[in-house]
Amino acid sequence: MIAISILQCILYLFVIPFCMGITFTKHFDEKYNTVGNILTCGFLSELAVFQVLFLLFYKLDRNLAELTWASSSILFVVSLVSIIFGFKSIKKIALPKFDLGFLVFVLFSVYMVVMRNLQGVNDGDDSFVIGNALTTLTTNYFYKIDYYTGKFITSTSYSRHMLASNSIFIAFLSKVTFIHPAILAHRILGSFVLILHNAIIYNISVLLFDDKKEKYRSVFASFASLMTIWDFHSYLTDSTFILSRAWQGKAQFVALSIPFAIMLLLMIGENAGKKNIIYVFIAVLCTASVSMTPAATVLLTLSLAVGSVCVGIAVKKIGVILKMIPALSPMAAFAVLFYLFLK
């Protein structure tokens with residue numbers, strides 16, 4: 001059973017994201033077709049697919065078992081199609097320069113993962129995330145049973161959580177890996193998210209420093225990691241979210257969505273908005289972000305909207321701003337759903 005659990009974790013957190021991520025990164029400039037970008041794009045795509053299916057199955061009053069079968073089947077098919085059409089791009093994966101600076105960055109990253117597992121915080125939000133995941137796993141219902149009392153939820157105020165499938169995704173992973181939701185989230189998912197976060201930081205450094213200044217990439221990435229470690233001194237900092245509870249939706253939004261949005265905006269600025277695939281992935285990012293926290297409908301929308309205006313002004317291209325409008329359309333749809341859930 002342990003071997004099956006390990007293989008399932010590898011399948012859902014590495015193989016499927018890798019296959020799905022190639023769909024997007026094969027269209028990026030070759031230096032951005034990195035393992036980190038592939039896994040991050042793939043994992044966010046996995047979350048986006050699961051989010052859409054969750055909302056559909058919740059609306060149809062279906063259960064976790066049916067959602068698990070549907071999600072797994074669709075993820076397998078999409079991954080298979082993606083790897084078939086993107087197989088050739090595997091040979092073009094860009095590798096970092098393995099110098100002393102990169103080794104220091106890797107050591108900082110490993111230290112962050114180790115300390116995250118030693119100093120993880122099971123706070124009040126965790127009672128919601130793990131409580132709902134365990135309740136969903138054991139009862140087969142989505143957000144219908146109060147995990148404190150075991151009774152059916154009748155209050156409409158609980159509906160504000162309905163858009164976020166973070167707890168349900170943990171229940172889904174727990175069901176397919178046969179690992180308890182708390183162990184899966186605290187030990188495996190949290191560490192995986194932190195690894196992706198550091199991969200994004202390094203890829204941002206690739207965007208900031210061209211090949212002539214390649215030696216500064218590892219310095220920047222190591223400094224960013226060091227600042228994250230140093231800032232872990234209060235429960236009010238973003239570093240606390242990233243290092244102590246990366247499995248929670250809000251923490252994933254801080255660790256993945258925000259830095260990846262910055263990276264995509266930098267990529268848009270570099271090519272003056274000519275690569276439409278980036279805008280397509282922004283729509284995927286929006287969907288995945290809402291699965292983490294409904295607050296993304298406002299926070300990420302404003303960040304990307306303001307960012308696109310700044311980039312558009314910098315490169316003197318109005319098209320950069322105009323193309324962002326349809327890319328943010330999923331957020332409008334989720335905002336309407338959020339209103340209907342609360343009504």
Side-chain angles (χ1 to χ4, degrees), residues 1-2 4-9 11-13 16 46-76 120-190 192-193 245-253 287-288 290-295 334 337-338 340-343:
M1 183 62 75
I2 295 177
I4 294 175
S5 296
I6 294 173
L7 290 174
Q8 287 291 84
C9 284
L11 175 63
Y12 283 91
L13 294 180
I16 289 178
E46 185 177 6
L47 290 179
V49 170
F50 186 84
Q51 171 72 359
V52 172
L53 290 173
F54 160 70
L55 290 175
L56 176 63
F57 275 63
Y58 179 81
K59 183 65 177 178
L60 296 175
D61 200 27
R62 313 312 297 182
N63 57 49
L64 178 64
E66 293 170 321
L67 176 61
T68 300
W69 278 105
S71 299
S72 296
S73 301
I74 292 176
L75 289 173
F76 289 158
V121 178
N122 305 323
D123 63 346
D125 288 341
D126 213 40
S127 64
F128 173 84
V129 175
I130 303 303
N132 268 311
L134 184 59
T135 301
T136 300
L137 183 66
T138 54
T139 66
N140 222 19
Y141 290 107
F142 314 128
Y143 293 143
K144 290 186 177 181
I145 296 179
D146 190 318
Y147 51 91
Y148 284 123
T149 64
K151 297 180 179 180
F152 274 90
I153 297 170
T154 56
S155 173
T156 55
S157 64
Y158 203 84
S159 300
R160 64 191 178 91
H161 301 294
M162 296 303 184
L163 280 186
S165 59
N166 174 243
S167 297
I168 312 303
F169 183 71
I170 293 174
F172 160 71
L173 287 180
S174 180
K175 191 173 184 65
V176 297
T177 60
F178 312 106
I179 301 174
H180 191 281
I183 298 173
L184 176 76
H186 294 168
R187 295 291 173 254
I188 301 172
L189 187 58
F192 177 68
V193 169
R245 41 182 174 149
W247 59 88
Q248 296 176 12
K250 288 183 291 186
Q252 288 182 20
F253 181 69
T287 305
V290 174
S291 77
M292 302 171 189
T293 171
F334 286 124
L337 285 175
F338 193 50
L340 293 176
F341 274 138
L342 289 175
K343 189 175 181 181

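As the structure is a computational prediction, the values presented were derived from the model and not from experiment.
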| said: Can a donor-acceptor pair be found, under 3.5 Å and without considering hydrogens, that links the side chain of Gln8 to the backbone of Val176? | reply: yes

| field | Rounded distance [0.5 Å steps], CG in Leu173 versus CG in Leu189 | value | 6.5 Å

| message | For the backbone of Ala133 and the side chain of Ser167, can you confirm whether one donor and one acceptor N or O come within less than 3.5 Å of each other? | response | no

| said: Could you check whether any side-chain N or O of Ser71 sits under 3.5 Å from a backbone N or O of Thr68, counting only pairs where one atom can act as donor and the other as acceptor? | reply: no

| query | Closest approach of Ser5 and Thr177, non-hydrogen atoms and distance? | reply | OG-O, 2.7 Å

| said: Given Phe169, which partner from the list Phe54, Phe50, Trp247 fulfils the ring pair (Phe, Tyr, Trp, His ring centres under 6.0 Å) test? | reply: Phe50

| Taking all atoms of both residues into account, what is the closest heavy-atom pair of Gln252 and Ala246, and its distance? | CG-O, 3.1 Å

| request: Supply the atom-to-atom distance Ser127 OG to Leu134 CG, rounded to the nearest 0.5 angstrom. | output: 12.5 Å

| query | Does Ser291 reach the main-chain N or O of Ala164 with its side chain, forming a donor-acceptor pair under 3.5 Å? | reply | no

| task | May I ask you to decide if Ile170's main-chain N or O and Ser174's side chain share a donor-acceptor pair within less than 3.5 Å? | result | no

| request: Quick one: pull up CD1 in Ile16 and CG in Leu11 and give me the separation to the nearest 0.5 Å. | output: 4.5 Å

| query | When you check the side-chain N and O atoms of Ser72 and Tyr12, is any donor under 3.5 Å from an acceptor? | reply | yes

| Has Ile2 got more than 12 heavy atoms of other residues, nucleotides or ligands less than 6.0 Å from its CD1? | no

| Got a second to check how far Phe142's CZ is from Leu64's CG, nearest 0.5 Å? | 5.5 Å

| Can you tell me how far CD1 of Ile168 sits from CG of Leu67, rounded to the nearest 0.5 angstrom? | 8.5 Å

| field | For the student: nearest non-hydrogen atoms of Leu184 and Cys9, plus distance | value | CD1-SG, 4.4 Å

| query | Can you name the closest pair of heavy atoms from Ala65 and Lys175 and give their distance? | reply | CA-CE, 4.0 Å

| message | What's the separation between atom CD in Glu46 and atom CD in Gln51, rounded to the nearest 0.5 Å? | response | 13.0 Å

| task | Please tell me if the side chains of Phe334 and Thr287 come closer than 4.5 Å, counting only heavy atoms from C-beta onward. | result | yes

| query | So, does Asn166 use its side chain to make a donor-acceptor pair with the main chain of Val129 at under 3.5 Å? | reply | no

